[in-house]
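Notes follow once the structure below has been shown.
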Amino acid sequence: MKADGRPITMLTAYDYPTAKIIDAAEIDIILVGDSVGNVILGYDSTLPVTMDEMVHHVKAVCRGVARAMVVADMPFLSYQVSREEGVRNAGRFLKETGAQSVKLEGGREVVEVIKACVSAGIPVMGHLGLTPQSVHQLGGYKVQGKEAESAAKLLEDARAIEEAGVFAVVLECVPVPLARMITGMLKVPTIGIGAGPYCDGQVLVTHDLLGLYPRFVPKFVKQYAVLHQEIEAALGRYKEEVQAGVFPGPEHGFGLSEEVIEEAAQKLKSLSEESGIQNQ
Ligand code: KIV
């Protein structure tokens, strides 16, 4: 797609119904991001997310996908400790969930684990720029590569992980001109989030794009819907109708034939008589 100049689309999903909808919309890649920690599990960062939690969500997503490529995000400490652990954990996603590839964060420091995964037959997507698993080292969720030194480091990291064998690189919160340079330099596609229009593809967190809950909307997000308002309104109508006796209506119930009603009434009568005798 990069060679043809066809932009790649990628979105996050963490569950079966959302995966089905995204797949039906013919989005190219579904990322089961470790953003599941913030978006679904209520953690205040991605750091607490475990392999078992990821496997659970990736399995659900894969059950809903027929068409898109599924990328499973390697959570914090699942690949940083040793190459062996990295390959074993990446392999779990392919073996247990049905995902076709994994994503991991970092530059030169993760080159060895990328090489080891690729040698084991596991396709790896890289992730550079704002890498949320390093939030404490980065000093917060900030745009990366704004100074000459950090921009040069990002270029070197991009080159290093491409040479290690990644098939694509997510660029998160990188200045537009730098993302453009990296995209021009790499043979593999870049997928941007907060990295401007010159990347080979774009990714967003689906819950942000759909406005699924009221929270701070980052500058790089475009909300294509504000679904939390529609959901709140629908839930309010449900509450009012239950309280007013409007729901459920006759059309929501299941009927019984006159015959069965008659038999049930007879049964009820004899049960009442028996219990009347027992009570005497
Ligand atoms: O976890 C995630 O959702 C991500 C995207 C923001 C790229 O890594």
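Start at 1 and go down the list; that is how both ligands and their atoms are numbered.
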Ligand-side contact atoms (ligand 1) for residue partner Gly33, heavy atom cut-off under 4.0 Å | 1 (O), 2 (C), 3 (O)
How does Asp34 reach ligand 1, if at all, at less than 4.0 Å between non-hydrogen atoms: by side chain, backbone, both, or neither?
-> both
Glu147 and Lys153: CA distance, side-chain angles, deciding distance, side chain to side chain contact (heavy atoms under 4.5 Å, CB included) verdict | CA-CA 10 Å; Glu147 295 81 29; Lys153 182 179 174 313; over 6 Å; no
Where is the nearest protein heavy atom to atom 6 (C) of ligand 1: which residue, which atom, and how far?
-> Ile193 CD1, 3.7 Å
Non-hydrogen side-chain atoms of Ile29 and Thr9 separated by less than 4.5 Å = no
So is Glu105 in contact with ligand 1, going by heavy-atom distances below 4.0 Å?
-> no
Distance to 0.1 Å, residue and atom name: give those for the protein heavy atom nearest to atom 2 (C) of ligand 1.
-> Ser35 OG, 3.2 Å
Check whether the side chains of Gln133 and Tyr79 place a donor and an acceptor atom closer than 3.5 Å, and report yes or no.
-> yes
With His57 as partner, the option from Asp34, Leu41, Asp15 fulfilling side chain to side chain contact (heavy atoms under 4.5 Å, CB included) is Leu41
If you have a sec, work out which protein heavy atom is nearest atom 5 (C) of ligand 1 and how many Å separate them, to one decimal?
-> Leu31 CD2, 3.7 Å
Mark up the atoms of ligand 1 that fall under 4.0 Å of a heavy atom belonging to His127, in ascending order.
-> 8 (O)
Do the non-hydrogen side-chain atoms of Met51 and Arg88 ever get within less than 4.5 Å of each other?
-> no
Which bit of Thr46 is near ligand 1, meaning a heavy atom under 4.0 Å away: side chain, backbone, both or neither?
-> neither
For Thr12, atoms of ligand 1 separated by under 4.0 Å from a heavy atom | 3 (O)
Which one holds for Val36 and ligand 1: side chain close, backbone close, both close, or neither close, with close meaning a heavy atom under 4.0 Å?
-> neither
Residue and atom name of the nearest protein heavy atom (relative to atom 8 (O) of ligand 1), distance in Å to one decimal | Lys103 NZ, 3.0 Å
Can a salt bridge be assigned to the pair Lys187 and Glu162 using a cut-off of 4.0 Å between side-chain N and carboxylate O?
-> no
Does a salt bridge link Arg92 with Asp52, judged by any charged N lying under 4.0 Å from a carboxylate O?
-> yes
What do the steps show when you test Glu53 against Tyr43 for side chain to side chain donor-acceptor pair (under 3.5 Å), and what is the final call?
-> CA-CA 12 Å; Glu53 284 168 337; Tyr43 300 140; 2.7 Å; yes
